[in-house]
2 protein chains.
Amino acid sequence: MVGNAQVSRAAKSRAGARPSRGPRRSANGSAASNGLDDEIGLDALAGHAGYAVRRFQIWIFQDFIRTLAAVDIRPTQYSVMTVIGANPGLSQMAVAKRLGIERARLVHLLDSLEHRDLVSRIRSATDRRSHALHLTARGRTALAQFKRLAAEHERHVAEKIGKENREKLLQILSAFT
Amino acid sequence: MVGNAQVSRAAKSRAGARPSRGPRRSANGSAASNGLDDEIGLDALAGHAGYAVRRFQIWIFQDFIRTLAAVDIRPTQYSVMTVIGANPGLSQMAVAKRLGIERARLVHLLDSLEHRDLVSRIRSATDRRSHALHLTARGRTALAQFKRLAAEHERHVAEKIGKENREKLLQILSAFT
DNA sequence: GAAGATTGTTGTTGACGACAACAATTGTTG
DNA sequence: CAACAATTGTTGTCGTCAACAACAATCTTC
């Protein structure tokens, strides 16, 4: 069930500061010469926000998944439950829009959460096309636990990049939340 | 060719600061009541780095793809060419490790780039299992153009989050580059 | 030289985003 | 009010991508 989450096991623990430099051992003819000694230097990629963000996102999702593995909740499931918990009665359309996921995708997510008795779909009386989404009683207590684990995950993030950096980052990206 | 890139069309242009508050119209029974007026408030998600980073990553990849659409280069292809360009002669294993992608995945990426005559695989004389990767002449001039477009993309990022914020972000995430 | 590791390759699985089509229902408009 | 358009949830297809497993060719090592 971990599935996606683009983990890329070679998580790399190094974060050593190393002065940038020109291409190393360029055109030495021998491939595999760089097989094990790590450290290649990708220079040009260093100035690209997208690359750094992608790598960070991979790391952060991996940690989230690992931290919440015991309760078997993935980031998207967590975000869905959080939104429903904070806004009971929302339609699927509204949740999908808010989270930027497709309503087709949300169908499966809710199927899964409903099977686990965490969320319930209730036909709306006013608009019988739509479903009012609610957490079940079990879902509410479960979400409380999920949030505790998510907070632990956030502490991991703070450990990784620094407490102030995490807050600065949240501030910088607040427009996307 | 855009394919993945998790776009989520509802790109949202709003970034209005709005004071956080408790659950809105909780349990009003009527779903769909929130269908069109946007603004739902997901509260709890606001403090989660992973969510903000994910949304930002979606935005940034989308812009990268759009900005380099004319040359039909996606972020991963760009990163592969950049690394090879900076470190000619690398093996596929080394490139995969450096970029945190699987060697199985790199096979297809290189197939595509080789078909377009941007990259060439040269059997290593010293280790005949491996391929030494090089940019072709065409690949080198192409990469130069890609880099110009990528720089334009970075300017879009700076416009979006602010010049200093972009630099701060690069600094915070430098450990992941 | 035989056993084990590495490299590139192929194929499978699962998560995910984009899209298209559909039934049920609502809204809109002549 | 009746035809037509739009919305909601749903199903299914396609393409991208990460994670694995297996394999042949080729080193490495003992």
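Naming: A, B, ... by sequence-line order, numbering from 1 per chain.
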Verdict with supporting geometry, B/Phe56 and B/Ile161, side-chain contact (heavy atoms from CB on, under 4.5 Å): CA-CA 10 Å; B/Phe56 181 52; B/Ile161 65 176; 4.0 Å; yes

Nearest-nucleotide comparison on DNA chain C, the residue closer to the 5′ end among A/Arg129 and A/Leu109: A/Leu109

Sugar-phosphate, base or nothing in reach of B/Arg105, heavy atoms under 4.0 Å: sugar-phosphate

Test side chain to side chain contact (heavy atoms under 4.5 Å, CB included) applied to B/Ile60 and B/Arg55, B/His156, B/His153, the passing residue: B/His153

Under 4.0 angstrom between A/Thr76 side-chain N/O and C/dC16 OP1 or OP2: yes

Complement of D/dC14, any strand, by Watson-Crick or G-U distances under 3.5 angstrom: C/dG17

Partner of B/Arg116 by side chain to side chain contact (heavy atoms under 4.5 Å, CB included), out of B/Ile73, B/Thr136, B/Asp111: B/Ile73

Least distance between heavy atoms, B/Ile65 atom then B/Arg74 atom: CD1-NH2, 3.3 Å

B/Arg121 side-chain N/O to C/dT9 phosphate OP1/OP2 under 4.0 Å: yes

Sugar-phosphate, base or nothing in reach of B/Arg123, heavy atoms under 4.0 Å: nothing

d(CZ, B/Arg103; P, D/dT26) in whole Å: 17 Å

Phosphate-side-chain proximity, B/Arg128 and D/dT26, N/O vs OP1/OP2 below 4.0 Å: yes

Sugar-phosphate, base or nothing in reach of B/Gln92, heavy atoms under 4.0 Å: sugar-phosphate

